[in-house]
Structures are given as C-alpha cells and as structure tokens.
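Sequence lines set the chain letters: A, B, ... in the order given, protein chains first and strands last, and positions in each chain run from 1.
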There are 2 protein chains.
Amino acid sequence: MDMRKLVGRNFARIRREKGFTQERFAELSGFTQQYLSDLERGLRNPTIVTIYEIAIALGVSHMEIVMPDQIEEAGSPITDAPPAQKS
Amino acid sequence: MDMRKLVGRNFARIRREKGFTQERFAELSGFTQQYLSDLERGLRNPTIVTIYEIAIALGVSHMEIVMPDQIEEAGSPITDAPPAQKS
DNA sequence: TGCTATTACATACTATAGTAGATAAACCTT
DNA sequence: AAGGTTTATCTACTATAGTATGTAATAGCA
C-alpha cells in the first residue's frame, strides 16, 4: 500500500470539501502551496508532526487508519477502496 | 500535543506487549536498534511510511488518532492520558 | 476566445529522517 | 557483585522533508 498516495488523496478530498484552495490552505496551515500540491499528488512522505499540523488546520479531530486500504476521519469516512461490508 | 512522544510511547508499549526486544524488533522491521531507541523516547519525527512499516511489523492492523491526547489500536486502546469515560 | 483563478512543475536550498558502527549505561538473574 | 542482556548515547554519513521563488499548465467563466 502506498501511504503517500493514500494520505495525499484523502487530504485533497477533505480540503476541497471544506472549500479551501491550496493557496488559502497554505496560509492557514503555514505550509507552501507547492508543498501541498506535491503532498496531494502522493509525491511526499510527510512526518507525523506534519500530518498532525495539517489535520489541525483542516479541523479534523479524529483520524483512523485501517491497514488494508482505508483511512477514516470522524464523521467523514475516507476510503481508498469501496467501503468494506460492516456486517 | 507532542506527537513524537505520543507515537514513541505507544510503539514502545506495544513492542513490549508483543515480547520483542528493540534488537529483535530491529531485525523484524529493518530499522536499527538505535533508531528505535530514539523513536520510543520521542526524539524522532517518523514519516507516515515509517509508521506504516513499523505498524506492519508489530502486527497492528488498525490505528486510531483522536486529537486531544489519545491513540488507539485495534483491540488494544493506546491512551496517552487516563482513559476517557465511555458512557 | 481571452481572462482569471487555481494547480502543477522546476530549481535551489537547509534541516532532519534514517543508516551504520562502536560503546556506555542500566537492568536482570544468580 | 559478576556476567549477560537490553537500552541509551556518541559520531559521522546519505537521502529526503519542507522552504522559497518563479513560472507553466489547466480549468472555469465572461
């Protein structure tokens, strides 16, 4: 599993859902627009501190990583693959 | 919140629970004993790929990050603070 | 079709993640 | 207290995370 792409796709999706441009979110989070662009395209391997700071800026309060191929975030499941059957 | 210490403490606890020494776990995971020592003491800021690789080696299949001050892992809640009241 | 906003790409740079090898310090167990 | 096992600490190194600046490509929209 490519964690770079998984994290990137999910941050991109949440940013768009919140209505931020990369430029606007760069101001909010303190990262550069260029770095965020790379991150969202899966070209970067962020540290846990970077992920935490971005999550804070996005207003995400709960991150869940389920190994096979999913990431979820409170109230907004982030799936990399079709949702697993829950029952 | 210091994510370095939070991640470090939790990985250290799980490693001990699984009965691995740092040296043995270094062999399993491919990281050095020295790096794992630093990591567990909160002196390192691991990337998402490193965290993923360590989780795989630990046999952890589910990680959960709740912002204030908790991390949980499937079947084995990892709390940084006294457990929150669930009801 | 052209204008504007947005995102992708290029180059160069500094700080640090992670490696490697040696050793010191702490912890057991007897 | 001695000896072995485990963890912490040192030095030195390479690769890459993240910054900074500029610009090209793409997408909407009038």
Side-chain angles (χ1 to χ4, degrees), chain A residues 1-60 63-65 67 71 73 76 78-80, chain B residues 1-60 63-65 67 71 73 76 78-80:
Chain A
M1 171 159 54
D2 187 337
M3 293 301 283
R4 290 177 184 79
K5 287 184 183 172
L6 183 57
V7 167
R9 272 198 300 267
N10 283 300
F11 276 135
R13 205 208 64 236
I14 297 174
R15 175 184 60 77
R16 287 190 222 104
E17 284 175 3
K18 304 267 178 173
F20 297 130
T21 64
Q22 286 180 354
E23 184 60 36
R24 175 83 186 100
F25 187 65
E27 294 168 6
L28 285 179
S29 64
F31 293 93
T32 63
Q33 179 268 319
Q34 290 77 358
Y35 179 69
L36 296 175
S37 172
D38 283 358
L39 196 67
E40 293 189 356
R41 283 175 296 138
L43 304 182
R44 292 292 185 154
N45 180 17
T47 67
I48 187 62
V49 169
T50 292
I51 290 173
Y52 176 69
E53 289 171 352
I54 290 179
I56 293 288
L58 278 175
V60 170
M63 298 188 296
E64 188 172 348
I65 302 176
M67 281 310 161
I71 286 190
E73 169 261 336
S76 176
I78 306 172
T79 54
D80 187 39
Chain B
M1 172 159 57
D2 187 337
M3 293 301 283
R4 289 178 184 80
K5 287 184 182 172
L6 182 58
V7 167
R9 271 198 301 268
N10 284 299
F11 276 136
R13 204 209 63 236
I14 297 174
R15 175 183 59 78
R16 286 189 222 103
E17 283 175 2
K18 304 267 177 174
F20 297 130
T21 65
Q22 287 180 354
E23 184 60 37
R24 176 82 187 100
F25 187 65
E27 294 168 7
L28 285 180
S29 62
F31 293 93
T32 63
Q33 180 268 320
Q34 291 77 358
Y35 179 69
L36 295 175
S37 171
D38 283 357
L39 196 66
E40 293 188 356
R41 284 174 295 140
L43 304 181
R44 292 292 185 153
N45 180 17
T47 66
I48 187 62
V49 168
T50 293
I51 290 173
Y52 177 68
E53 289 171 353
I54 290 180
I56 292 287
L58 278 175
V60 171
M63 297 188 296
E64 188 173 349
I65 302 177
M67 280 310 163
I71 286 189
E73 169 261 337
S76 174
I78 305 172
T79 54
D80 186 39

Heavy atoms within less than 4.0 Å of DNA chain C: which residues of residues 23-30 of chain A have one? Give them sorted by number.
none

With sequence neighbours excluded, residues passing side-chain hydrogen bond (donor to acceptor under 3.5 Å, both in side chains) with [X]:
X: B:T47; result: A:N45, B:T50
X: A:E27; result: A:R24
X: A:R15; result: A:E40
X: B:E23; result: none

Measuring from atom [atom1] of [X] to atom [atom2] of [Y], what distance do you get when rounded to the nearest 0.5 angstrom?
X: B:K5; Y: B:L43; atom1: NZ; atom2: CG; result: 9.0 Å
X: A:T32; Y: A:D38; atom1: OG1; atom2: CG; result: 8.0 Å
X: A:L39; Y: A:I54; atom1: CG; atom2: CD1; result: 5.0 Å

Please name all residues satisfying salt bridge (charged side-chain N to carboxylate O under 4.0 Å, His left out) with A:R4, sequence neighbours left out, ordered by chain then number.
none

Between B:L36 (CG) and D:dT7 (C1'), how many Å, whole number?
11 Å

Between C1' on D:dT7 and CZ on B:F20, what's the gap in Å once rounded to a whole number?
17 Å

For nucleotides 12-18 of chain D, tabulate all protein N/O to nucleotide N/O atom pairs closer than 3.5 Å, reporting atom names and distance.
{"residue": "D:dG18", "atom": "OP1", "partner": "A:T47", "partner atom": "OG1", "Å": "3.0"}
{"residue": "D:dG18", "atom": "OP1", "partner": "A:T50", "partner atom": "OG1", "Å": "2.2"}
{"residue": "D:dG18", "atom": "OP2", "partner": "A:Y35", "partner atom": "OH", "Å": "2.2"}
{"residue": "D:dG18", "atom": "N7", "partner": "A:R44", "partner atom": "NH1", "Å": "2.7"}
{"residue": "D:dG18", "atom": "N7", "partner": "A:R44", "partner atom": "NH2", "Å": "3.3"}

Choosing from D:dT7, C:dT7, C:dT19, which nucleotide comes nearest the side chain of A:Q22?
C:dT7

Write out a two-atom table: protein N or O, nucleotide N or O from nucleotides 22-26 of chain D, distance below 3.5 Å.
{"residue": "D:dG22", "atom": "O6", "partner": "A:Q34", "partner atom": "NE2", "Å": "2.8"}

Apply the test side chain to side chain contact (heavy atoms under 4.5 Å, CB included) to residues B:R9 and B:R13: give CA-CA distance (whole Å), side-chain angles for both, the deciding distance (0.1 Å), then the verdict.
CA-CA 6 Å; B:R9 271 198 301 268; B:R13 204 209 63 236; over 6 Å; no

With a 4.0 Å cut-off on heavy atoms, is A:R16 in touch with a base, just the backbone sugar-phosphate, or nothing at all?
nothing

Taking only residues two or more places apart in sequence or in another chain, which ones pass side-chain contact (heavy atoms from CB on, under 4.5 Å) with A:S29?
A:F25, A:F31, A:L36, A:A57

